[in-house]
Each structure stands twice: as C-alpha cells, then as structure tokens.
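Throughout, residue positions are numbered sequentially from 1 according to the sequence presented.
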Amino acid sequence: MTTVNTVNSTKILYAIEDHPGHVAVKPVGASMQEWIDQGEASLWTQALKKIVIKWDPSD
C-alpha cells in the first residue's frame, strides 16, 4: 500500500489510474519490458520496495 503522490515523488516511477479502482505503476524513461528484464535488482523495483507499506487486512 502506498499513495500515487508517493510513487510520483520518486521521480523514477509514476502512477496512473488506468481503470476505476486500479492504479498502474510505470517506470520513467524506460519501458515496462525493460523493468521486467532487469528484475528484482532494478532501480525501479528497489524504489517501489522502499515506499510500499505491507498491509495485512486481517490485522
């Protein structure tokens, strides 16, 4: 869980509401395929991991 503003503040990721109730996160200056190809070690994944708060709805 995070916010659109927090994602956009990274300057390397941006969030866009692509469907009602759904937000897509995309890399700035790269394609989604490049992000996928670079995997978990990519700067985009690392940035996202830093700003996502794990949320357990059963708490």
Side-chain angles (χ1 to χ4, degrees):
M1 178 171 72
T2 192
T3 67
V4 168
N5 288 338
T6 302
V7 172
N8 292 339
S9 74
T10 67
K11 308 274 194 246
I12 62 168
L13 296 169
Y14 70 96
I16 184 167
E17 186 174 357
D18 57 355
H19 302 287
H22 182 266
V23 175
V25 176
K26 299 186 176 192
V28 172
S31 70
M32 287 301 295
Q33 190 60 55
E34 288 174 281
W35 187 357
I36 292 165
D37 291 346
Q38 288 190 28
E40 197 166 325
S42 75
L43 69 137
W44 304 290
T45 301
Q46 296 307 307
L48 193 57
K49 283 182 169 186
K50 288 179 184 177
I51 60 171
V52 169
I53 301 165
K54 295 199 188 303
W55 176 62
D56 183 352
S58 65
D59 285 347

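- The two residues Ala15 and Val4 come nearest to each other via the heavy atoms CB-CG1, 4.0 Å.
- Between the CG atom in Leu48 and the OG atom in Ser42 there is a gap of 9.0 Å [rounded to 0.5 Å].
- Hydrophobic clustering (side-chain heavy atoms under 4.5 Å, transitive across Ile, Leu, Val, Met, Phe, Trp, Tyr) groups Met32 together with Val7.
- Sorted pairs that involve residues 12-27 and meet salt bridge (charged side-chain N to carboxylate O under 4.0 Å, His left out), not counting sequence neighbours, are lacking altogether.
- Listed by chain and residue number, Thr6 satisfy the side chain to side chain donor-acceptor pair (under 3.5 Å) test with Thr3 (two or more places apart in sequence, or in another chain).
- Take Trp44 and apply the side chain to side chain donor-acceptor pair (under 3.5 Å) test, not counting sequence neighbours, and it matches no residue.
- In this structure, Thr45 and Gly39 approach most closely via the heavy-atom pair OG1-O, 3.4 Å.
- The side-chain contact (heavy atoms from CB on, under 4.5 Å) test applied to Leu43 returns Ile12, not counting sequence neighbours.
- Both Val25 and Val52 belong to a common hydrophobic cluster when Ile, Leu, Val, Met, Phe, Trp and Tyr are linked at side-chain heavy-atom distances under 4.5 angstrom.
- With sequence neighbours excluded, no residue forms a side chain to side chain donor-acceptor pair (under 3.5 Å) with Gln46.
- Here Val28 sits in one hydrophobic cluster together with Tyr14, Ile16; the rule is ILVMFWY side chains under 4.5 Å apart, joined directly or through other members.
- With sequence neighbours excluded, no residue forms a side chain to side chain donor-acceptor pair (under 3.5 Å) with Thr10.
- The salt bridge (Lys or Arg N to Asp or Glu O under 4.0 Å) search around Glu40 returns Lys49, not counting sequence neighbours.
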